[in-house]
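This report refers to the structure that appears directly beneath it.
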Number of protein chains: 2
Amino acid sequence: MRRLAAALDTGAASLYVYFRSTEQLYAALLDELIGEVALPSLGAEEPWRDRLATVMTSYVMVLFEFPSVARLSVFTRPSGPNSLRLLEELLSLLDEGGVESGAAAWGVDLLIQYATSTAAEHSTRNEQPGTIDDDSDVSRAIATVSADTHPHLSKLRDALVAGEAQERFRWGLEVILTGIADQKVARVPRSYLSLLKRPSG
Amino acid sequence: MRRLAAALDTGAASLYVYFRSTEQLYAALLDELIGEVALPSLGAEEPWRDRLATVMTSYVMVLFEFPSVARLSVFTRPSGPNSLRLLEELLSLLDEGGVESGAAAWGVDLLIQYATSTAAEHSTRNEQPGTIDDDSDVSRAIATVSADTHPHLSKLRDALVAGEAQERFRWGLEVILTGIADQKVARVPRSYLSLLKRPSG
DNA sequence: ACCTGAACACCGTTCAAGT
DNA sequence: ACCTGAACACCGTTCAAGT
């Protein structure tokens, strides 16, 4: 807030004339950034899945450029005009892919959550200087695990940390799209719902 | 930091004897919380998917109790003993479900990311008093959208905001499990990977 | 060796006072 | 009416000084 104000040659208090809080300022920034996301569906030659992947990838890349916005995007659902345009685009692509409308409605939410949390997670890794390198921490922990106590973890030692971030993002995207396209998951058996009831207190 | 120190009847500086930074303290707290997650696989009567759902649901619920830890869990991959036990458990359940080992290795990461970002997102909604109510913001934005400019969004108006948080979480879990179990997505066509290359600068 | 009071360098937000 | 300097109430972290 203070740094931004300084960059604009004014005091921090002046920003409160235009935004009620830091959170709202970031929400506005986020929507502005989403305006930069590539929406390639007009020149529609590639299959819908590829175009959807392009949109999602572009979203993550745009957030990468502004780590502080990326970090807050996990907590703030944007509702500005550019965000609505992105939602419309994703729904249109899922529709083109023959995804049932109920699954598409809940699916876009899942897709946005996936892109957003991916961007947030990686934003910390790169930019924050004092940050612990989680990756190497986790790798080390997995490497030293015993086959007796953790047989699966030990067996999949290498597979767990294999692949580039990009490749894994794309893989997760395929997982989600495959799941969304699957009709069976559109309904959840009633009996499972009770599992998620929050305990009082 | 200062509040925690006060609660322990000491100065904030004393905490730095045990933890190098706030982030490390939270990482330790997170692993401790993960120790509270229910791992029901020993009494194995229910199908593996249901038991996996129980573990995931328990994870989210445990994080709900400590919103500040939940908020940081998106950025910190825990590598403590309890986290490794949770990973082992999830891998064991996926194995029991016949999921190919490569898919399971990447799948657990996706599952943790899903649980974590869900907990983080909802943690802000409930606890932070000054926070904007995103849900109603988004609902209002969607409600006022024009059918001309946003046909899909307009058509799916109700479906987009339908359902309880619990139901949607469970649905997303089914989506991910279905996708992971699907063999086709285990390999990503090489050509798509170039899409995710980060631009220099 | 282990702990900590006090200081340092920051935050976001408010509000009375200025133009 | 619109803007802002200064103050308020916080942070995390460091380090010299204490036991």
Side-chain angles (χ1 to χ4, degrees), chain A residues 1-33 63 65-80 116 119-137, chain B residues 1-33 63 65-80 116 119-137:
Chain A
M1 221 58 174
R2 289 170 117 97
R3 262 195 314 262
L4 175 63
L8 295 169
D9 267 322
T10 181
S14 304
L15 298 175
Y16 289 82
V17 179
Y18 306 99
F19 300 97
R20 221 173 321 136
S21 66
T22 312
E23 199 191 336
Q24 272 211 347
L25 189 149
Y26 270 100
L29 272 176
L30 180 57
D31 192 71
E32 217 53 50
L33 280 184
L63 286 184
E65 309 277 322
F66 297 85
S68 54
V69 179
R71 271 189 288 277
L72 263 92
S73 64
V74 199
F75 313 115
T76 314
R77 298 260 124 147
S79 56
T116 281
E121 191 195 332
H122 286 86
S123 75
T124 330
R125 240 187 265 307
N126 303 330
E127 299 279 328
Q128 299 274 68
T131 303
I132 324 163
D133 190 342
D134 288 328
D135 264 348
S136 66
D137 265 16
Chain B
M1 222 60 172
R2 288 172 117 96
R3 261 196 315 262
L4 174 63
L8 296 169
D9 267 320
T10 181
S14 304
L15 298 175
Y16 289 82
V17 178
Y18 307 98
F19 300 98
R20 220 174 323 136
S21 67
T22 311
E23 200 191 335
Q24 272 211 347
L25 189 150
Y26 270 99
L29 273 176
L30 179 57
D31 191 72
E32 217 53 50
L33 280 184
L63 286 183
E65 309 278 322
F66 298 84
S68 53
V69 179
R71 271 190 289 279
L72 263 93
S73 65
V74 199
F75 313 116
T76 313
R77 298 260 123 147
S79 56
T116 282
E121 192 195 330
H122 286 86
S123 75
T124 331
R125 240 188 265 307
N126 302 331
E127 298 281 327
Q128 298 275 68
T131 302
I132 324 162
D133 191 340
D134 288 327
D135 264 348
S136 65
D137 265 16

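Shown here, D:dT14 forms a base pair with C:dA6; the pair counts as Watson-Crick or G-U wobble because both key distances fall under 3.5 Å. Pairing partner, C:dT19: D:dA1, with both Watson-Crick or wobble hydrogen-bond distances short of 3.5 Å.
Not one side-chain nitrogen or oxygen of A:Ser14 sits closer than 4.0 Å to the OP1 or OP2 atom of D:dC2. Under 4.0 angstrom from either OP1 or OP2 of C:dC11 there lies at least one side-chain N or O belonging to A:Arg3. Remark: A:Arg20 is not in phosphate contact with C:dT13, judged by side-chain N or O atoms under 4.0 Å from OP1 or OP2.
Rounded to the nearest 0.5 angstrom, B:Leu33 CG and B:Tyr26 OH are separated by 11.0 Å.
Scanning both residues, A:Met1 and A:Leu15, for their nearest heavy atoms gives O-CD1, 3.4 Å. The two atoms that bring A:Ala70 and A:Leu63 nearest to each other are CB-O, 3.5 Å, heavy atoms only. Closest of all the heavy-atom pairs between A:Ala28 and A:Phe19 is CB-CE2, 3.7 Å. When all heavy atoms of A:Tyr16 and A:Ser21 are compared, the pair lying nearest together is CE2-CA, 4.3 Å.
As rounded to whole Å, 15 Å separates atom C1' of C:dC3 from atom CG of B:Asp9. When rounded to the nearest whole Å, the span between CG of A:Leu8 and C1' of D:dC3 equals 14 Å. B:Tyr18 has its OH atom 12 Å from the C1' atom of C:dA1, to the nearest Å. Atom CG of A:Leu15 and atom P of C:dT14 are 13 Å apart (whole Å). Spacing between atom CG of B:Leu4 and atom P of C:dT4 amounts to 13 Å, rounded to whole angstrom units. Distance, A:Arg2 CZ to C:dT14 P: 13 Å, rounded to whole Å. Rounded to whole Å, the distance from CG on A:Leu72 to P on C:dG12 is 11 Å. Per the geometry, CE belonging to B:Met1 stands 19 Å off P belonging to C:dC11, to the nearest Å.
Relative to the side chain of A:Ala13, the nucleotides D:dT14, C:dT13, C:dT14 differ in distance, and C:dT14 lies closest. When each of D:dT4, C:dC3, C:dT13 is scored by its nearest atom to the side-chain atoms of A:Thr10, the top-ranked nucleotide is D:dT4. For A:Thr22, whose side chain is taken as the heavy atoms from C-beta onward, the closest listed nucleotide among C:dG5, C:dG12, C:dT4 is C:dG12.
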